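This report refers to the structure that appears directly beneath it.
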Amino acid sequence: MRVLVTGASGLLGHKLVGELINEGYNVIGIYNRHSIPIEHRNLTKVRLNLAEYKPLEDFMLKMKPDVIVHAAAYTDVDGCEKNKETAWRVNVNATRSIVRVSRIIKAYLIYISTDYIFDGERGLYKEDDLPNPLNYYGLTKLLGEELVKVSDLSYTIIRPSAIYGVGGSKKSFAEFVVERLSRREEVPALIDQYVSPTLNILLAKAIVEIIKKELTGIFNIAGERMNRYDFALRLAEVLGLPKNLIKVARMCDMKRWIARRPRDSSLDISKAMSLLDTKFYDTELALRLFIEDWSNRDHGRR
């Protein structure tokens, strides 16, 4: 089976590529600025800009993958607020192109969405709760969901929350915390913003399981609900780093933010837990895997 992954060099994408290869799939990885840090005979790497629709569509029509995992997006929340045209081109129009081609070649489409489609007024959102994004990033990702849902495709929409791990083009919150604590520097961490931190490795494993089981519909795949302050403390404890350097911060202190953020965008994961064997929700397992990946980062192993 041939699987195409967009955003294949990203925080989630490169882990997903690795998992798919390990499971024997032939993988086509699309990346833009940063190359995919994997070499394998079953991996075809292609550099494409998703905002250039015709080359993207022509390539997909040529390759005719059986499964498409659309993991690429413009995820800079403040950047989306400042550069709305770019956000629309990447998060909405590119998704429209991918849906169009998927229909032509009859591919199974997996769309990676976000918890930021919700306003965060209550948290622990279920798959059928009403979205109400507070910012332009969340809006464009929600519109991407709608393009997938109104198609006649076989599809799965996956909603993670606060993805972390090693190897993305920009540092995840977990990397930020560990790097600063390792240098004995203070870490401001929000005590009043709740998310469901999701390790990229376990999210990738869950996606592969979904492909194998041919599950369709909408699934929240995320970790345990906690605020960012508690998450930073858990990281410090596991790594033996000084917890006293983690300082309480509040959303009202974030003067540099341009876009509004949800106060509690945590996700109810009971549906996915009942159907998947992957322990994507296990915080202790996630932290152990993160530490192992962090320790190996300088040796080129992802």
Side-chain angles (χ1 to χ4, degrees), residues 2-21 25-40 42-65 67-102 105 107 109-114 116 135-141 143-145 147-148 158 160 163-172 175 198 200-201 203-204 207 259 297 300 302:
R2 184 179 292 182
V3 182
L4 183 146
V5 179
T6 69
S9 63
L11 184 60
L12 169 61
H14 80 285
K15 293 299 184 187
L16 178 57
V17 167
E19 288 294 329
L20 288 165
I21 289 171
Y25 292 96
N26 291 309
V27 181
I28 305 159
I30 293 178
Y31 69 96
N32 186 9
R33 292 188 301 274
H34 303 91
S35 185
I36 304 165
I38 297 171
E39 299 294 336
H40 197 277
N42 291 339
L43 171 62
T44 301
K45 304 180 189 181
V46 179
R47 184 173 184 175
L48 283 172
N49 183 348
L50 263 64
E52 297 176 0
Y53 316 125
K54 190 176 188 308
L56 173 65
E57 292 185 15
D58 288 347
F59 176 73
M60 293 172 66
L61 287 168
K62 177 183 176 182
M63 300 305 293
K64 292 183 173 58
V67 179
I68 297 170
V69 183
H70 184 23
Y74 184 21
T75 59
D76 182 338
V77 178
D78 290 329
C80 286
E81 213 70 25
K82 292 187 293 184
N83 306 300
K84 291 184 176 180
E85 182 178 351
T86 300
W88 186 274
R89 288 175 62 84
V90 174
N91 293 350
V92 180
N93 286 348
T95 301
R96 182 181 289 110
S97 288
I98 290 168
V99 168
R100 182 185 300 122
V101 174
S102 297
I105 64 177
L109 177 60
I110 298 177
Y111 175 78
I112 309 301
S113 188
T114 174
Y116 269 33
N135 52 53
Y136 201 71
Y137 165 67
L139 174 63
T140 58
K141 292 299 291 180
L143 291 172
E145 281 196 14
L147 288 168
V148 174
I158 294 174
I163 300 174
Y164 70 97
V166 177
S169 58
K170 59 182 180 181
K171 288 184 175 62
S172 65
E175 290 176 290
T198 310
N200 58 352
I201 297 170
L203 178 57
I207 293 170
R297 72 195 187 285
R302 290 287 190 260

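For clarity, every value in this text was computed on a predicted model and none was experimentally measured. Numbers here are sequence positions counted from 1.
- By the side-chain hydrogen bond (donor to acceptor under 3.5 Å, both in side chains) test, Asp76 is found to be paired with no residue, residues two or more places apart in sequence or in another chain being considered.
- When all heavy atoms of Ala71 and Thr6 are compared, the closest pair comes out as N-OG1, 2.9 Å.
- Looking at heavy atoms from C-beta onward, Met60 lies out of side-chain contact with Ile28 at the 4.5 angstrom threshold.
- Rounding to the nearest 0.5 Å places OG of Ser97 at 10.0 Å from CG of Asp58.
- Rounded to the nearest 0.5 angstrom, Thr198 OG1 and Ile163 CD1 are separated by 6.5 Å.
- Counting heavy atoms from C-beta outward, Cys80 and Asn91 have side chains that approach closer than 4.5 Å.
- Residues meeting the side-chain hydrogen bond (donor to acceptor under 3.5 Å, both in side chains) test with Asn42, sequence neighbours left out: none.
- In this structure, Gly18 and Ile38 approach most closely via the heavy-atom pair N-CD1, 3.7 Å.
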> Step by step, would you call Ile158 with Leu203 a side chain to side chain contact (heavy atoms under 4.5 Å, CB included)?
Replying inline: CA-CA 10 Å; Ile158 294 174; Leu203 178 57; 4.2 Å; yes
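- Every residue meeting the side-chain contact (heavy atoms from CB on, under 4.5 Å) condition with Ile105, not counting sequence neighbours, appears here in chain and number order: Leu61, Lys64, Pro65, Ile68, Val101, Ala107.
- A side chain to side chain contact (heavy atoms under 4.5 Å, CB included) with Leu109 holds for exactly one of Leu4, Val99, Val69, Val67; it is Val99.
- Lys45 and Ser35 get closest at one heavy-atom pair: NZ-OG, 4.2 Å.
- Side-chain contact check for Ile98 versus Leu56: some heavy-atom pair is nearer than 4.5 Å.
- For Lys62, there are no salt bridge (charged side-chain N to carboxylate O under 4.0 Å, His left out) partners two or more places apart in sequence or in a different chain.
- Scanning all heavy atoms of the two residues, the minimum distance from Gly165 to Ser172 falls at O-OG, 2.9 Å.
- For Ala8, the side-chain contact (heavy atoms from CB on, under 4.5 Å) partners two or more places apart in sequence, or in a different chain, are Val5, Val17, Ile36.
- By the ring pair (Phe, Tyr, Trp, His ring centres under 6.0 Å) test, Tyr111 pairs with His70, sequence neighbours left out.
- Looking at residues two or more places apart in sequence or on another chain, you find no salt bridge (charged side-chain N to carboxylate O under 4.0 Å, His left out) involving Glu52.
- Under the salt bridge (charged side-chain N to carboxylate O under 4.0 Å, His left out) criterion, Arg96 pairs with no residue at all, not counting sequence neighbours.
- In this structure, the side chain of Asn32 does not engage the main chain of Asn49 through any donor-acceptor pair within 3.5 Å.
- The structure places CD1 of Ile30 at 5.0 Å from CG of Leu48, a figure rounded to the nearest 0.5 Å.
- To the nearest 0.5 Å, atoms CG (Asn26) and NE2 (His40) are separated by 9.5 Å.
- For Thr75, the side-chain contact (heavy atoms from CB on, under 4.5 Å) partners are Ala73, Tyr137, Lys170, not counting sequence neighbours.
- Residue pairs meeting the side-chain hydrogen bond (donor to acceptor under 3.5 Å, both in side chains) criterion with at least one partner in residues 79-89, sequence neighbours excluded, are Tyr74-Asn83, Trp88-Asn93.
- Annotation for Ala204 and Glu19: closest pair CB-CG, 3.9 Å, computed over non-hydrogen atoms.
- With values rounded to the nearest 0.5 angstrom, Glu145 atom CD is found 9.5 Å from Leu143 atom CG.
- Contact annotation: the side chain of Ile207 approaches that of Ile112 to within less than 4.5 Å [non-hydrogen atoms, C-beta and beyond].
- Nearest approach of Ala72 to Lys141, heavy atoms of both residues: O-NZ, 4.5 Å.
- Take Arg2 and apply the side-chain hydrogen bond (donor to acceptor under 3.5 Å, both in side chains) test, not counting sequence neighbours, and it matches no residue.
- Not counting sequence neighbours, Tyr136 has no partner by the side-chain hydrogen bond (donor to acceptor under 3.5 Å, both in side chains) test.
- Interatomic distance, Leu43 CG to Leu20 CG, rounded to the nearest 0.5 Å: 10.0 Å.
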